[in-house]
Amino acid sequence: MANLSAAAARRTVLAAQGFGEPAGAVTRRAVNRVLDRLRVVQLDSVSAVVRAHYAPVFARLGRYDRSLLDELVWRDSARRPRRAVEYWAHEAAVIPIADWPLFGWRMAGYADGRWGHARGVQDRRPTLARDVLDVIVERGPCSAGEIERELELADSGRKGPWWGHSDTKVVCEQLFAVGELSVARRVGFTRHYELTERVLPAAVRSRPVGEADAVRALVGHAARALGVATEPDLRDYYRLRRAQTAPAIADLVDAGELEPVTVDGWPDPAYRAVGARTLRRIEGHALLCPFDPLIFDRARTERMFDFHYRIEIYTPAHKRRYGYYVFAFLADDQLVARVDLRAERAAGRLSVPGAFAEPGRADRTTADRLALALRELADWLELDTVVVGERGDLAGLLSRAGG
């Protein structure tokens with residue numbers, strides 16, 4: 001059995017995730033290659049800097065036109081067919097269209113409701129799902145609010161000020177979860193639901209994939225996206241269960257697609273995707289949003305990079321250690337710092353309320369590289385200035401470096 005040093009494993013993961021490659025033209029094809037490599041690009045509604053699904057592409061390609069990703073997911077034409085679609089993969093995520101049939105078992109599991117209150121809505125309004133579908137059949141892609149207005153529902157059934165959804169939204173989400181509806185487009189960040197048969201090609205919709213075969217394919221995707229990974233790592237990528245992943249891994253090892261390895265310092269057995277590259281060096285830098293596939297598994301991030309990372313959006317402000325929306329900073333093959341960021345669009349500035357170095361990294365080199373990365377991010381977001389605050393041990397150096 002092969003053994004990898006922790007550093008070699010880290011470089012293998014970074015190469016699999018698309019870091020350390022020479023820069024090229026940032027085209028629609030290049031954006032699609034990122035999606036094909038990652039297989040999962042998470043969606044999230046927080047827009048403190050930029051929507052979460054745009055950030056991983058920027059981290060790997062640099063400045064690109066966000067409409068290129070929009071075209072791949074939410075636009076369709078004979079000349080440029082849709083290449084990706086939304087579904088519940090890791091969480092709400094963008095996935096390649098070809099992977100949609102691999103979640104048929106998950107859709108079937110949601111038949112009685114993905115959320116507990118979905119069954120309550122169905123019991124209270126047994127005809128609402130049919131009414132929603134009738135509106136979409138007639139009108140085409142609609143938001144939940146548009147459907148609600150079309151049905152002239154006086155009682156929206158709202159549950160609360162934060163996570164509360166109207167009954168109509170709950171039904172739309174349930175129909176999306178079971179695969180009857182898909183998302184044809186987004187306006188702002190609002191989903192416009194459409195019949196899946198009008199969004200996905202017939203060849204995709206009609207391809208049946210049994211659960212065992214689907215899970216095996218998903219574990220294979222995760223392995224190639226991660227390069228080298230433990231069973232819990234592979235399980236988390238698509239939020240699978242150990243009872244699913246363990247036999248899938250065994251099958252992939254038998255098929256010669258995965259190779260068991262040991263990694264220095266990793267307590268669990270690991271598996272390397274056959275063909276995964278271990279680069280001798282990783283050069284470059286990137287700002288990673290909290291939902292980037294490289295770091296969205298926090299336990300894996302800590303094991304690989306010795307970087308304890310938590311999102312503090314839902315932590316009361318006075319209890320936050322680093323800030324509301326904190327990006328990790330990758331320099332070569334290490335996570336060396338983190339920055340709390342805000343895109344203050346009206347003022348035309350990228351605000352950096354706090355900048356924090358990892359132990360031993362509060363130096364001029366880190367500050368200079370981070371300043372350059374922040375300037376690149378600001379330019380991509382069309383923000384004129386970068387304004388550094390006072391919180392954190394890297395803030396002073398970063399401010400002097402021109403951040």
Side-chain angles (χ1 to χ4, degrees), residues 41-47 50-54 66-78 80-89 91-95 97 100 103 107 110-202 204-205 345:
V41 176
Q42 192 168 335
L43 295 158
D44 190 82
S45 61
V46 176
S47 59
V50 66
R51 299 287 186 193
H53 56 287
Y54 294 121
R66 279 167 279 175
S67 70
L68 295 175
L69 183 58
D70 293 342
E71 288 176 2
L72 291 169
V73 187
W74 294 295
R75 297 174 197 165
D76 198 19
S77 68
R80 287 188 168 180
R82 190 189 312 268
R83 300 296 298 272
V85 69
E86 294 187 38
Y87 192 63
W88 293 103
E91 291 290 339
V94 169
I95 60 173
I97 273 184
W100 187 86
F103 295 95
M107 296 171 193
Y110 291 152
D112 290 327
R114 182 173 184 272
W115 306 270
H117 56 281
R119 173 59 64 182
V121 173
Q122 181 175 329
D123 292 343
R124 186 168 64 253
R125 287 181 161 161
T127 67
L128 184 54
R130 183 68 262 167
D131 293 340
V132 166
L133 289 170
D134 287 344
V135 170
I136 293 173
V137 166
E138 181 177 343
R139 292 193 49 181
C142 294
S143 68
E146 290 169 341
I147 295 168
E148 200 165 74
R149 289 190 290 275
E150 181 72 16
L151 295 175
E152 298 181 346
L153 294 178
D155 176 13
S156 65
R158 294 195 180 277
K159 307 295 188 295
W162 192 304
W163 294 112
H165 287 320
S166 71
D167 285 353
T168 305
K169 177 66 172 177
V170 169
V171 166
C172 287
E173 284 296 303
Q174 176 58 21
L175 292 169
F176 171 74
V178 299
E180 289 192 54
L181 295 181
S182 192
V183 179
R185 63 173 183 262
R186 283 187 181 255
V187 179
F189 200 64
T190 300
R191 280 175 167 164
H192 281 62
Y193 302 93
E194 174 61 290
L195 301 179
T196 298
E197 64 193 62
R198 295 175 179 170
V199 174
L200 299 182
V204 172
R205 299 192 320 272
R345 295 170 180 83

Kindly indicate whether the side chain of Ser67, heavy atoms from C-beta on, has any atom under 4.5 Å from the side chain of Arg75. yes

Sub-4.5 Å side-chain heavy-atom contact between Glu180 and Tyr193: no

Nearest heavy-atom pair of Cys172 and Ile147: which atoms, and what distance? SG-CD1, 3.7 Å

Is the backbone of Val137 close enough, under 3.5 Å, to the side chain of Arg198 for a donor and an acceptor to pair up by distance? yes

Residues Val94 and Ala84: closest non-hydrogen pair is CG1-CB, 3.7 Å

Kindly compute the distance separating CE (Met107) from CG (Leu175), expressed to the nearest 0.5 Å. 12.5 Å

What do the steps show when you test Glu86 against Trp74 for side chain to side chain contact (heavy atoms under 4.5 Å, CB included), and what is the final call? CA-CA 9 Å; Glu86 294 187 38; Trp74 294 295; 2.7 Å; yes

Atom CZ in Arg205, atom CH2 in Trp100: separation rounded to 0.5 Å? 8.0 Å

What I'd like to find out is whether the side chain of Leu128 reaches to under 4.5 Å of the side chain of Gln174, using heavy atoms alone. no

Can you tell me how far apart CG (Leu43) and OH (Tyr87) are? Round to the nearest 0.5 Å. 14.0 Å

Could you tell me the separation between the CZ atom of Arg185 and the CG atom of Asp70, rounded to the nearest 0.5 Å? 13.0 Å

Between Asp76 and Pro81, the two heavy atoms sitting closest are OD1-CA, 3.1 Å

So, is the end of the Arg114 side chain (NZ or CZ) under 6.0 Å from the ring centre of Tyr110 and within 45° of the ring's axis? yes

Pairs satisfying side-chain hydrogen bond (donor to acceptor under 3.5 Å, both in side chains), at least one member in residues 133-142, at least two apart: Arg130-Asp134, Arg139-Glu150

Can you list everything that forms a side chain to side chain contact (heavy atoms under 4.5 Å, CB included) with Pro201? Sequence neighbours excluded, please. Ile97, Val204

Does a side-chain heavy-atom distance below 4.5 Å link Val135 with Glu148? no

Nearest 0.5 Å, what's the NE2-CG distance between His53 and Leu69? 5.5 Å

Of all heavy-atom pairs between Ala184 and Glu194, which one has the smallest distance, and what is that distance? CB-CB, 3.7 Å

Residue pair Arg66 / Val50, side-chain heavy-atom distance below 4.5 Å: yes

Taking atom CZ of Arg82 as the centre, report whether more than 12 heavy atoms of other residues, nucleotides or ligands fall under 6.0 Å from it. yes

Closest non-hydrogen atoms of Thr196 and Leu181, given as atom of the first, atom of the second and distance, are OG1-C, 3.1 Å

Looking only at non-hydrogen atoms, find the nearest pair between Glu146 and Cys142 and report the distance. OE1-CA, 3.3 Å

With a 4.5 Å cut-off on side-chain heavy atoms, are Val199 and Val183 touching? no

Residue set satisfying side chain to side chain contact (heavy atoms under 4.5 Å, CB included) with Thr190, at least two apart, ordered chain then number -> Ser143, His192

